[in-house]
Amino acid sequence: MSKAGTKGVSRADRERQIIDVAVEEFGRHGYARVPVAAVAQRAGISKPLIYSYFDSKDGLYLACVRHVGDLLVDSVAAAQARSGSTGHALDTLSAIFNAVDRCRRAWSLLYDPALPPAGDLRDAAHHYRQQLAAIGAAGTAQLLTRAGHDDPLDHDLLNHVWQHAVTAVMRWWYDHPDQSPAEMTDRCARLISALGPH
């Protein structure tokens, strides 16, 4: 693979530029509704250049999923590793907010219902969803275990609630783009505090 870029821009920088634009387009409109031409136009480059870098629309989407997936998994795993006994949920949300601040729609790429029913794209998105779910499950299990609850169905239910809650929070954020990561973290801190024991 050539390392040459275009117009004085290195290949790595150009690929990152294309991926950033594509993540926003795919995240906003979904895989099925984004033609490569739309990404090229927004990035200010030619459609053949995208094909020369990524081979196909699927190749471009796969690169986006891997970029977003690695970013989210690494950020959430690091947050859990440093989280205190009571701060796991808030630390995790804060990590997600900060990880995707440059592209708020990144979360949607892993949860796009319009992906093909089988193949590399769905497999890659599922892989990252499973990693995030496993990290979440470990956190909710730790919370319940500390509280003395060992019913496996309790653990399963709380994990499901957590996964859906995170997605709901991200969707709310899409509709309130004026909210910064710090403001979202503070807002979630207030809600978590209000839901806590009284």
Side-chain angles (χ1 to χ4, degrees), residues 1-3 5-6 11-77 92-93 95-140 156-157 159-175 177:
M1 179 181 290
S2 171
K3 294 182 179 179
T6 56
R11 183 184 181 103
D13 287 344
R14 182 68 77 191
E15 285 184 355
R16 178 59 187 269
Q17 175 202 8
I18 294 169
I19 287 172
D20 285 347
V21 170
V23 166
E24 179 67 24
E25 288 293 304
F26 285 130
R28 183 176 298 276
H29 303 292
Y31 166 82
R33 297 177 60 194
V34 177
V36 171
V39 177
Q41 182 176 11
R42 252 198 90 179
I45 58 174
S46 69
K47 187 167 72 169
L49 182 62
I50 292 181
Y51 285 117
S52 74
Y53 281 10
F54 301 99
D55 295 327
S56 64
K57 176 180 173 177
D58 283 6
L60 175 60
Y61 195 92
L62 192 58
C64 291
V65 167
R66 287 172 175 161
H67 170 67
V68 167
D70 286 341
L71 181 65
L72 284 166
V73 168
D74 290 349
S75 298
V76 172
T92 297
L93 289 168
I96 293 171
F97 298 147
N98 284 285
V100 302
D101 185 37
R102 289 179 62 246
C103 186
R104 303 280 179 90
R105 302 275 176 168
W107 184 266
S108 298
L109 265 73
L110 304 184
Y111 296 88
D112 186 350
L115 289 179
D120 291 343
L121 301 187
R122 183 164 291 278
D123 289 349
H126 179 74
H127 168 73
Y128 288 111
R129 287 199 307 268
Q130 289 296 100
Q131 288 191 69
L132 290 169
I135 296 171
T140 56
D156 186 56
L157 175 58
N159 185 41
H160 274 73
V161 169
W162 170 249
Q163 302 299 330
H164 287 284
V166 173
T167 297
V169 167
M170 296 304 293
R171 288 176 177 164
W172 188 90
W173 198 23
Y174 301 158
D175 295 332

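Worth saying up front: this structure is predicted, and the values here are computed from it rather than measured. Numbers for residues simply follow the sequence, beginning at 1.
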Name all residues meeting the salt bridge (Lys or Arg N to Asp or Glu O under 4.0 Å) criterion together with [X]; count only those two or more places apart in sequence or in a different chain, and write none if there are none.
| X | result |
| --- | --- |
| Arg42 | Glu25 |
| Arg129 | none |
| Asp112 | none |
| Arg104 | Asp101 |

> So, Asp175 and Arg171, do they make that salt bridge, N to O below 4.0 Å?
Replying inline: no
> Passes side chain to side chain contact (heavy atoms under 4.5 Å, CB included), Val36 versus Phe54? Steps please.
Replying inline: CA-CA 11 Å; Val36 171; Phe54 301 99; over 6 Å; no
> With Leu71, which residues qualify under side chain to side chain contact (heavy atoms under 4.5 Å, CB included), at least two apart?
Replying inline: Ser75, Ala99
> What residues form a side chain to side chain contact (heavy atoms under 4.5 Å, CB included) with Asp156, not counting sequence neighbours?
Replying inline: His160
> salt bridge (Lys or Arg N to Asp or Glu O under 4.0 Å): which pairs involve residues 46-72, sequence neighbours left out?
Replying inline: none
>> Test of understanding: with ring pair (Phe, Tyr, Trp, His ring centres under 6.0 Å), list the residues that count as partners of Phe97, not counting sequence neighbours.
In response: Trp173
> With Phe26, which residues qualify under ring pair (Phe, Tyr, Trp, His ring centres under 6.0 Å), at least two apart?
Replying inline: Tyr61
> What residues form a side-chain hydrogen bond (donor to acceptor under 3.5 Å, both in side chains) with Arg33, not counting sequence neighbours?
Replying inline: none
> What pairs with Trp107 under side-chain hydrogen bond (donor to acceptor under 3.5 Å, both in side chains), at least two apart in sequence or on another chain?
Replying inline: Thr167
When rounded to the nearest 0.5 angstrom, what is the spacing between [atom1] in [X] and [atom2] in [Y]?
| X | Y | atom1 | atom2 | result |
| --- | --- | --- | --- | --- |
| Ile45 | Ile50 | CD1 | CD1 | 4.0 Å |
| Leu109 | Tyr31 | CG | OH | 12.0 Å |
| Arg16 | Arg11 | CZ | CZ | 16.0 Å |

If every non-hydrogen atom of [X] is compared with every non-hydrogen atom of [Y], which pair is closest and at what distance?
| X | Y | result |
| --- | --- | --- |
| Ser108 | Tyr174 | OG-OH, 2.7 Å |
| Cys103 | Val23 | SG-CG1, 3.2 Å |
| Val73 | Ile135 | O-CD1, 4.0 Å |
| Ala124 | Leu62 | CB-CD1, 3.5 Å |
| Leu115 | Ala125 | CD1-CB, 3.9 Å |
| Cys64 | Ala22 | SG-CB, 3.5 Å |

> Quick one: side chain to side chain donor-acceptor pair (under 3.5 Å) pairs with a partner in residues 113-123, sequence neighbours left out?
Replying inline: none
>> Between Gln163 and Asn159, is there a side-chain donor-acceptor contact under 3.5 Å, judged purely by atom types and distance?
In response: yes
>> Could you check whether any side-chain heavy atom of Leu110 comes within less than 4.5 Å of a side-chain heavy atom of Leu132, counting everything from C-beta outward?
In response: yes
> With a 4.5 Å heavy-atom cut-off, do Tyr128 and Leu72 have their side chains touching?
Replying inline: no
